[in-house]
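Side chains are part of it too, since the values below use all heavy atoms of this structure and drop only hydrogens, waters and symmetry mates.
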Number of protein chains: 2
Amino acid sequence: MKQMNEENSSILSTGKLTIADIAEELGVSKSTVSRAISGKGRIGKETVQRVMECIEKHNFKPNSIAKGLADSRTYNIGVAFPADTDFINTPFFQICLLGVCEVAAALDYDVVVTTVKETDINLLKRLVEHRKVDGVILTRNFTNDIAISYLKKTGIPYVLIGSSDDDTIVQIDNNNVEACEKLISLLIADDVKGIALIAGDRKHMVNRHRCEGYYNALKNNGITLEPDLVFSDCSSSVFVEQAVRNILKRKVECIVCTDDVICGKVLSILREEGYTVPGDIKVASFYDSIYMQTNNPPITAIGFNAEELGTIAGKRLIGLIEGDTNRSKTVLDYEIHLRRSTK
Amino acid sequence: MKQMNEENSSILSTGKLTIADIAEELGVSKSTVSRAISGKGRIGKETVQRVMECIEKHNFKPNSIAKGLADSRTYNIGVAFPADTDFINTPFFQICLLGVCEVAAALDYDVVVTTVKETDINLLKRLVEHRKVDGVILTRNFTNDIAISYLKKTGIPYVLIGSSDDDTIVQIDNNNVEACEKLISLLIADDVKGIALIAGDRKHMVNRHRCEGYYNALKNNGITLEPDLVFSDCSSSVFVEQAVRNILKRKVECIVCTDDVICGKVLSILREEGYTVPGDIKVASFYDSIYMQTNNPPITAIGFNAEELGTIAGKRLIGLIEGDTNRSKTVLDYEIHLRRSTK
DNA sequence: CTGAAAGCGCTTACAG
DNA sequence: CTGAAAGCGCTTACAG
């Protein structure tokens, strides 16, 4: 019986009840109801009780649009989702997004997504110019990133999932340099002799960082870099193919790929050429998507917690919006999954 | 010079200018400016001109929150993003989302995402109860879908990317039944003898539809169904493994998987067992992710245009919101990519 | 064709 | 501790 009533009032409340209705039912003013809900201003304990009960009873939800207008806030955060073709197959970003959605809801924000391309941030501009968000999360960065320049100019709070030399930017990232360095060092310690690197577009900062880790590892282990073993800017599968064919002409014992899409292509070519992994050549990758795990042999890969990146980014951004002044970088852990492909 | 001025006013305008400012500059009333912008109500052509120029000059963007409050709209559409673990690796949903974002922006809407799980739609409820969206897009459906029941009850406009028997629901989908039927029929026509099916969770309508297509194909070709060759509810990789091992004991010439994640696992087990594709056994899948394309051999797969599903869903939803009464189902094309894995 | 005014549903000084 | 009133930035009947 009770339940039925609640159900009914819940239905009615959808798009109907206002703060005035509940003020009337209680015989108090709208101001009082508002204060009870927000907890701001002096207000009697007992009054708060009564208001809260009434709200509960009717399943009343204040209209956040109106609230937003009144205090010049939207209670929305924006997420800039990469729409470039190189990223369309990487679930990394959607997992980040899940993390952001989760914290946002917990902190009473909603998340609005917009797409950005390397050279086209019109939709991002539209979003901030229409004042639909209180801040934005960038999910990757380029050398000379136009989204960053734009956001900086507008003064809107934003955070970056990624790393930048510009430390005025609030950053959340895994230590990609270190992760790659450690992976390569482990291989070297395992007496793996020639290690080639196939990296994606160098305009993506993340690829640069992984290359840097590769260089560092060689240097720290007293191995001289062979430039012929580093293939960067392999953004299309044609380039990957060229790289692999070049590598196969040399004395290489392992191919490290900066992401799983590249790695998938590499595995395919190796099979085509009749090379077995790890027998003839070892392979390792970054991101550790399900396909790397279920591949035969399973592929050694560095895994990141994309959801956590999203959660933290959301939390930090909302912090900024609400006045937090901490602008330090958050560095998250990575995991090296050593699997059969490098044994 | 001109450009610099525009840049400057653009900066200033971020979060500052209102309709009143531009009314003042022009010596007209706010009402007039509003009418010029919206194009509603009678208004002089020349006045519109002047208003538009002034708006252009200052790069003024009306505050959509205020507009929303005034006409009880948010100009936001919601997208319910699956957060269940089975889907986390499928880029399908993120590509849909890109499509939605694109139309939405074109029609002057923004898209807010929320996550839903099979048994937990609290975040969806929160979103609609807070009145942050004018409608929502569901991106998949279950048998007995609680999200659908909920939305239906609230009366908010919504569309489904997926298929349902309930034709009061506006649906946008590929014809999964037909796609699977055709794929199986092609195999049969090619004289492939035993065709096994490994399908995901039967609570997902899409998996049911693909199974249905499989049944239809057998029936239409006068082949009696062998229940032992159909493995449904293979939601975890343990089940997939069991299924494959069972299949290998039988006389099976082809394994059809209802999605690429299952297929990845199947390929791995086959390799482990020393079976070659397509020599010893053929394999086909659904979704056609990049890993299917770059696999060696490339995998025969049915591909869908996820972006287009998103675009159309967005367009239809906004139509509904704005009064469109067309509730017919939109059926999109699929592509069968016949590749080496079934040759 | 245009303007003054009321309203959308909240918040928050300002009085009391 | 509480209320009346003004304000957030728009829209839209209602007059003219």
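Within the structure, salt bridge (Lys or Arg N to Asp or Glu O under 4.0 Å) pairs that include any residue of residues 308-325 of chain A comprise A/Arg73-A/Glu322 (at least two apart or interchain). Residue pairs meeting the side-chain hydrogen bond (donor to acceptor under 3.5 Å, both in side chains) criterion with at least one partner in residues 32-50 of chain B, sequence neighbours excluded, are B/Ser29-B/Thr32.
Nucleic acid contact class of A/Ser64 (heavy atoms, under 4.0 Å, all strands): none.
Rounded to an integer number of Å, the gap from NZ of B/Lys67 to P of C/dG9 is 16 Å. In this structure, CD1 of A/Ile65 is placed 13 Å from P of C/dT11, rounded to the nearest angstrom. Between the CZ atom of B/Arg131 and the C1' atom of C/dC10 there is a distance of 11 Å, given to the nearest Å. Note: NE2 (A/His130) to P (D/dC10) measures 11 Å, nearest angstrom. Across the protein-nucleic acid pair, B/Gln49 atom CD and C/dT2 atom C1' stand 18 Å apart, rounded to whole Å. With rounding to whole Å, A/Arg42 atom CZ is found 16 Å from C/dA13 atom C1'. If you take NZ of B/Lys61 and C1' of D/dG9, they are 17 Å apart, rounded to a whole angstrom. What separates CD of B/Glu24 from C1' of D/dG9 is a distance of 15 Å, to the nearest Å.
Near DNA chain C, defined here as any heavy-atom distance below 4.0 Å, the residues from residues 31-40 of chain A are A/Ser31, A/Ser34, A/Arg35, A/Lys40, listed numerically.
A distance of about 16 Å separates the C1' atoms of D/dG16 and D/dT12, rounded to the whole Å.
The environment of CG in A/Asn144 is sparse: at most 12 heavy-atom neighbours from other residues, nucleotides or ligands sit within 6.0 Å.
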Requested in this report: Go ahead and write out DNA chain D as dot-bracket, 5' to 3': ( ) for pairs within the strand, [ ] for ones crossing earlier pairs, | when the partner sits on another strand, dots for unpaired; Watson-Crick or G-U wobble, both distances under 3.5 Å.
Outcome: |||.||||||||.|||
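A/Arg126 has a carboxylate O that lies under 4.0 Å from a charged side-chain N of B/Asp108, or vice versa, which qualifies the two as a salt bridge.
Considering only heavy atoms from C-beta on, A/Lys132 comes within 4.5 Å of A/Leu127 through its side chain. The closest side-chain heavy-atom distance from A/Val128 to A/Leu124 is below 4.5 Å.
At least one donor-acceptor pair under 3.5 Å links the side chain of A/Thr139 to the backbone N or O of A/Ala80. For A/Ser64 (side chain) and B/His130 (main-chain N/O), a donor-acceptor pair under 3.5 Å exists by modelled atom type.
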Output a table of nitrogen or oxygen pairs between the protein and nucleotides 6-8 of chain D separated by less than 3.5 Å.
from: D/dC8; atom 1: O2; to: A/Ala70; atom 2: N; distance (Å): 3.2

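Separation of atoms CG (A/Asp145) and CG (A/Leu138) is listed at 6.0 Å; rounding is to 0.5 Å. Atom CG of A/Asn76 is separated from atom CG of B/Asn76 by 6.5 Å, given to the nearest 0.5 angstrom.
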Give every donor-acceptor pair under 3.5 Å between a side-chain atom in residues 157-165 of chain A and any protein atom, sequence neighbours left out.
from: A/Ser163; atom 1: OG; to: A/Asp173; atom 2: OD2; distance (Å): 2.6
from: A/Ser163; atom 1: OG; to: A/Lys329; atom 2: NZ; distance (Å): 2.6
from: A/Ser164; atom 1: OG; to: A/Asp166; atom 2: N; distance (Å): 3.0

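Comparing C/dT2, D/dT2, D/dC10 by their closest approach to the side chain of A/Ile43 singles out D/dT2.
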